[in-house]
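The structure under discussion appears below in the form of structure tokens.
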Amino acid sequence: YCLCLLNRVDFAFAIFGSIFKRGRGLDVVTFNTLIKGLFLEGKVAEAEKLFMKLLRHKICVLDEVTYLIVINGLCKAGHTLKARDLLVILEKGRCKPNIKAYNTVMDSLCKDRMVDDALQIFSKLAEKGMSANVVTYSSLLHGLCNFCRWKEAKYLLNDMVAHKISPNTFTFNILMDAYCKEGLLKDVEDAFMIMRQLNVQPDVISYNTLIDGYCLQGQMDKARKVFDSIVGLGLKPD
RNA sequence: ACAGUUCAUUA
């Protein structure tokens, strides 16, 4: 894994070769790590090839982590639709993709301006026996806010509460950022207050977002106050 | 045996 992060997938494969020669087993985690490494180096076609080979020849029992790595790799490489197709194929297999794989595709669809397609997948989660989690809601909220679909965003927030999914720091950061960009400082402050009431810890990104919001409105004094408060809270400005 | 691989937020 370290070698892959260092962009040395080639070296990782060399080691893998020698392990193989000595007759040692290679398990699913090894393969997952290697596939991830290929994606990190931008070797998308190779990653896909390895994955398909493992899948077709049953060289190793792949798991939901494998699926997630491949789906995520494809999405991040700009092949969102291919990832969505793969998801549909994998659904038919014995081992099903988990909610994280669906989240990845929905998030990527939103970022590719296909929010409706993401919502479409979202609406079918239940019938596939899956439950949306906080990442699902946060990603979709982000997508809706990015395209100023406020009504639907509000509706989704209510749905989230109805399903007893608690918003976390990411969720609030997304909402506050959306309000900031709209210049709705009052709403930003309200969101921040609710965040504190629910005991959701703001992080550096929360404060950066607040500062950005005040700066955008030319309220440098307030921005400064937030900045000063960060240090006192034991967070380090970045 | 245990461990090791996996999703979303600001600039």
Side-chain angles (χ1 to χ4, degrees), chain A residues 1-5 9 12 15-16 19 24-40 47 50-51 54 60-76 80 83 87 90 95-111 115 118 121-122 125 130-146 153 156 160 165-182 188 191-192 195 200-216 223 226-227 230 235 237-238:
Chain A
Y1 182 56
C2 291
L3 285 168
C4 289
L5 287 184
V9 150
I15 292 175
F16 149 101
I19 293 172
R24 304 303 300 233
L26 293 163
D27 66 6
V28 63
V29 176
T30 317
F31 283 114
N32 289 348
T33 306
L34 288 169
I35 294 173
K36 172 97 181 176
L38 286 171
F39 275 119
L40 284 175
L50 176 56
F51 171 69
L54 294 173
C60 164
V61 179
L62 303 181
D63 63 7
E64 48 187 19
V65 178
T66 321
Y67 295 167
L68 177 56
I69 289 171
V70 174
I71 299 261
N72 191 34
L74 286 174
C75 285
K76 296 296 185 291
T80 306
L87 200 54
L90 295 176
C95 171
K96 315 275 188 204
N98 62 19
I99 186 65
K100 297 183 186 182
Y102 286 85
N103 287 343
T104 299
V105 171
M106 286 187 279
D107 179 62
S108 199
L109 283 168
C110 285
K111 288 179 172 137
V115 181
I121 294 177
F122 174 71
L125 284 180
M130 257 172 323
S131 325
N133 61 21
V134 64
V135 178
T136 318
Y137 281 102
S138 300
S139 301
L140 292 175
L141 279 171
H142 192 205
L144 289 170
C145 289
N146 275 342
L156 196 66
M160 184 175 178
I165 306 289
S166 309
N168 63 15
T169 306
F170 277 64
T171 322
F172 278 104
N173 288 350
I174 287 165
L175 290 174
M176 291 198 298
D177 180 57
Y179 290 136
C180 282
K181 292 191 165 123
E182 285 298 303
V188 178
F192 190 70
M195 189 177 186
V200 177
Q201 289 307 315
D203 61 7
V204 183
I205 295 184
S206 316
Y207 291 106
N208 286 347
T209 303
L210 278 175
I211 292 172
D212 192 43
Y214 285 127
C215 287
L216 285 173
V226 176
F227 178 80
I230 295 180
L235 290 171
D238 62 4

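Reminder, nothing fancy here: chain letters follow the sequence lines and each chain counts from 1. Heavy-atom basis, side chains included; hydrogens, waters and symmetry copies ignored.
- Rounded to whole Å, the distance from CG on A:L156 to P on B:A8 is 18 Å.
- Separating the CD1 atom of A:I69 from the C1' atom of B:C7 is a distance of 11 Å, rounded to the nearest angstrom.
- By the side chain to side chain contact (heavy atoms under 4.5 Å, CB included) test, A:D212 pairs with A:L216, sequence neighbours left out.
- Listed candidates were B:U9, B:A3, B:A11. Nearest to the side chain of A:D27 is B:A3.
- Regarding contacts with the backbone of B:U9, every side-chain N or O of A:K181 stays at 4.0 angstrom or more from both OP1 and OP2.
- Proximity note for A:N72 (side chain, C-beta onward) versus B:U10, B:C7, B:U9: the nearest is B:C7.
- For the pair A:N133 CG and B:U9 P, the interatomic distance rounds to 14 Å; values are reported in whole Å.
- Considering only the side chain of A:N208, B:U10 comes nearest among B:C7, B:U10, B:U5.
- The nucleotide whose nearest atom lies closest to any side-chain atom of A:D107 is, among B:U10, B:A8, B:C7, B:A8.
- Checking B:C7, B:A8, B:U5 against every side-chain atom of A:V65, the shortest atom distance belongs to B:U5.
- Remark: aromatic rings of A:F122 and A:Y137 are close, center separation under 6.0 Å.
- Listed candidates were B:G4, B:C7, B:A8. Nearest to the side chain of A:T30 is B:G4.
- For A:D212, whose side chain is taken as the heavy atoms from C-beta onward, the closest listed nucleotide among B:U10, B:U5, B:C7 is B:U10.
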(request) Check step by step if side-chain contact (heavy atoms from CB on, under 4.5 Å) holds for A:V105 and A:I71. (result) CA-CA 7 Å; A:V105 171; A:I71 299 261; 3.4 Å; yes
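- Contact annotation: A:K76 reaches the phosphate of B:A8 (side-chain N/O to OP1 or OP2, under 4.0 Å).
- At a cut-off of 3.5 angstrom, the base of B:A8 holds at least one donor-acceptor pair with the side chain of A:N168.
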